[in-house]
Amino acid sequence: MSQAIQTADLDWQCVDGIEVPISKQFGDVYFSKDNGLLETRHVFLNGNDLETRLTALNDFEYFSVGETGFGTGLNILALWQLWQQVRPNNNSHLHAISVEKFPLSKDDLIRALNVWAELKPLADQLIEQYPLAIAGCHRLSFPKERFSIDLWLGDAHDVFPIIPKTAPVNAWFLDGFAPSCNPDMWEENVLNNIVRLSDLGTTFASFSVAGVLKRGLKQHGISISRPRGFGHKREMLKAVWNVPEVVNLNVDENSALESENAQNDHQHTDLETAQKKTLNNTDIQNNSKQRQIAIIGAGIAGLSCAWALAQRGHKVTIYDQSAPLSGASGNPLALLNPKLSPIEQSSEHLMTLAWQHALNHYQNFKAFRPISVNQLAQKNPEELLALAEQYPQGLLKAQTENELDIQSTFSSLQLTQAGSIYPHQLKDQILDNELIEFQHAEIEKIEQLENNQLRIFNHQQDALGSFDHVIACCAKESKKFFANFPILKPIRGQVSWVNNQDHALDQQHAYSYGGYCMQLDKQQLILGASFYPNRDDTEVLVEDHVHNYDLIHSVFPQYAENLVNVNEWQGRASVRAQSLDYFPLLGKVEEEREIYTFSGLGSKGFLFAPLCSEVLASLVLGEACPIPNDLLQKLSPKRFQKKVKPKKPYFKPSE
């Protein structure tokens, strides 16, 4: 995934009044000229027995479907439509994982999906969240539908090896252009990683019965059959990873023969029976219940985790020794202002991935305000401005110093898709969720019970309840719940706001220059922020107002001189917590206990929190993870633990 994403180059062919897209890159159609939707249902939905399997999902059970080529999204939309028709009336969840090297542009996607009138209500929802053509994983969530999609953009050879296996894929759509047109898709590396992401009981279906595919599956012990294909195709592929038969060596010849016959019968059993024989079936049954989850800390980390878990139907209790957002997350306004990576690093760059997810996430809240950010090129301007040519057209704009609304001597990079959030309005909407409860309490201790549940105690040693999982989201205070917690250093920061109604800025723009400024409302400008490592005092100081004034004056001197004296400014100071390598801490600290942490977000809490909360939910609940494995390891709290090297035996030469 080391290059920019190229969108699909298409030709269009009209067949019986239907526009069929054809890939110029591969010289093949995206769907059958006979009837692509009927083919999808026959090959992929029926080939994986999905109607039966989805209907039978237990309460809170999670089911995932993998796909090797997203294309026009037709397979995923057909799956979604089936899910609407057969899903049980409980809290089960369907998740799709798809990979695409050449995604359609949004305009081409709209044109391609116009063919299927019956899918239009679902297609419109997909199109609304359809991501930019940037490499990496894009999570599309439809919580009211109990349905979600991970769309990984990149070459299958690069993508499948880096997807973490936090949950096995239950069924595969082995789609993509024909092996003769796109042989790379069907090579051993791709198939081996598809199997790695699967488990006993996983099923596979494909329109292709090419030898390379059959051999690749059979070498892993996957049983294959070739039922009737769709339309003019004589055969299709249908496969299941069966549970290995247990062979008893101490049997007589007749018993051995019976065992052999039983094994042969087993090869031809239907997929539903095989699915019931998975080794992890007990785990699935144990996971099919509503979890009781405690979150310690009501900052943006804790609130975001609570929201992600409640969206899946689980009950969350948030504890905080003060009021919600009383710490670093409680400023009047937060800005989503990512420092983007060069495009070839985007697929594993936390800030770039988090920014795309955050925009999609916060649009569901009234607290969100779309805004563009003008990032002033103070250092290495050529490097910053060059990003405008790397990212999708119109997303970034290189500007000269004369193109800004405020007089400056600096050129800038305008990020046209960004946003700001009113934290307290966001908090109110999150806490209004019926599955989320806030309690004022100072948590002192977590005790593990014999049934692996966790009991929490307040500072007066009162037991407050028992939980399946506990998540410590209380910044530096998280360390008291773990024996070996990474160092988090305190960083004092103060924001300022001042009445500037006579010189109000455009509310659709923010400015970033080491500090930042934007309109808090029609009357006030908010700006900041001071940055003092290893300080944990929170008194509002005039000297910090001066610091924030000096920052804005360094880039917009004429504008700054129109502001009232700093003695009339208001402000808020708080303490951020930062890890030694600037990445958040996310996940388990100790493997044997169901206690997690999400802390150390520094000054990027509102940017990181939505995506990191989805990652944490995948770890807690056993779901697909929306970031690559290397990045998941970079976030792990265990990354700072020193590996114990085995001692070499002392060697003493013989005399």
Side-chain angles (χ1 to χ4, degrees), residues 331-340 351 355 369-388 395-422 491-532 540-573 603-604 606-607:
N331 289 335
L333 190 63
L335 178 64
L336 302 179
N337 179 32
K339 182 179 180 181
L340 300 181
M351 208 172 292
W355 152 68
R369 188 176 99 198
I371 201 169
S372 64
V373 178
N374 300 290
Q375 299 178 342
L376 273 66
Q378 296 168 276
K379 296 180 181 179
N380 304 318
E382 297 83 5
E383 185 178 317
L384 178 66
L385 299 178
L387 295 176
L395 179 60
L396 303 177
K397 179 183 176 183
Q399 302 176 124
T400 66
E401 59 271 20
N402 297 321
E403 293 180 86
L404 285 178
D405 294 337
I406 316 177
Q407 184 175 343
S408 179
T409 59
F410 293 98
S411 56
S412 63
L413 181 73
Q414 184 179 78
L415 178 56
T416 62
Q417 294 188 21
S420 58
I421 300 100
Y422 292 95
I491 300 174
R492 172 191 162 87
Q494 180 175 308
V495 297
S496 308
W497 53 93
V498 55
N499 190 311
N500 72 329
Q501 59 184 342
D502 294 334
H503 306 282
L505 303 178
D506 187 336
Q507 292 193 56
Q508 302 305 312
H509 295 285
Y511 300 88
S512 172
Y513 42 81
Y516 67 89
C517 68
M518 57 182 167
Q519 287 298 129
L520 175 59
D521 51 36
K522 292 182 180 180
Q523 287 80 35
Q524 297 183 90
L525 178 76
I526 186 169
L527 63 165
S530 62
F531 188 91
Y532 295 109
V540 176
L541 302 174
V542 173
E543 64 191 67
D544 278 30
H545 288 325
V546 172
H547 172 90
N548 293 336
Y549 175 84
D550 289 343
L551 281 175
I552 190 172
H553 190 275
S554 68
V555 291
F556 303 128
Q558 185 174 340
Y559 183 82
E561 288 163 9
N562 288 323
L563 298 175
V564 300
N565 189 280
V566 293
N567 290 311
E568 299 181 40
W569 290 19
Q570 301 178 67
R572 182 178 186 273
S603 61
K604 298 295 182 182
F606 284 84
L607 184 66

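Predicted model, so just to flag it, every value in this text is computed and none were measured. Just the heavy atoms: all of them, side chains too, but no hydrogens, waters or symmetry mates, feed the values below.
There is a side-chain donor-acceptor pair under 3.5 Å between Gln399 and Ser412. A donor and an acceptor atom, one from each side chain of Tyr559 and Asn500, are located under 3.5 Å apart. If you check the side chains of Asn337 and Gln375, you find a donor sitting under 3.5 Å from an acceptor.
Checked by atom type and distance alone, the side chain of Thr416 pairs as donor or acceptor with a backbone atom of Leu395 at under 3.5 Å. In terms of modelled atom types and a separation under 3.5 Å, the side chain of Asp544 and the main chain of Val495 share no donor-acceptor contact. In this structure, the side chain of Trp497 does not engage the main chain of Gln519 through any donor-acceptor pair within 3.5 Å. In this structure, Ser372 contributes its side chain and Gln508 its backbone to a donor-acceptor pair below 3.5 Å. No donor-acceptor pair closer than 3.5 Å links the side chain of Tyr516 to the backbone N or O of Ile526.
Under the 4.5 Å side-chain criterion, counting only non-hydrogen atoms from C-beta, Ile406 is in contact with Leu505. Between Asp405 and Asn374 there is no side-chain heavy-atom pair separated by less than 4.5 Å. Using a 4.5 Å cut-off on side-chain heavy atoms (C-beta onward), Thr409 and Pro557 make no contact. Inter-residue side-chain proximity for Leu396 and Leu415 is flagged as met; some heavy-atom pair is nearer than 4.5 Å. Contact check for Leu404 versus Leu376: side-chain heavy atoms found under the 4.5 Å cut-off. The shortest distance between side-chain heavy atoms of Glu403 and Gln414 does not fall below 4.5 Å. For the pair Glu561 and His553, the minimum side-chain heavy-atom distance is below 4.5 Å. You'll find the side chain of Arg369 reaches within 4.5 Å of the side chain of Gln507, heavy atoms only.
Across all non-hydrogen atoms, the minimal contact from Val566 to His545 is O-CD2, 3.9 Å. Nearest approach of Leu551 to Ala529, heavy atoms of both residues: CD1-O, 4.3 Å. Contact between Ala510 and Leu335 at its shortest, heavy atoms only, is CB-CD1, 3.9 Å. For the pair Tyr422 and Leu520, the tightest heavy-atom approach, listed with the atom from each and the gap, is OH-O, 3.0 Å.
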Criterion side chain to side chain contact (heavy atoms under 4.5 Å, CB included) on Asn562 and Asp502, from CA distance to verdict: CA-CA 9 Å; Asn562 288 323; Asp502 294 334; over 6 Å; no
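Counting heavy-atom neighbours within 6.0 Å of Gln523 CD, excluding the residue itself, gives a total above 12.
Atom CE of Met351 is separated from atom CG of Leu336 by 11.5 Å, given to the nearest 0.5 angstrom.
In this structure, Tyr513 and Phe556 have perpendicular ring planes: the angle between them is above 60°, well past the 30° mark.
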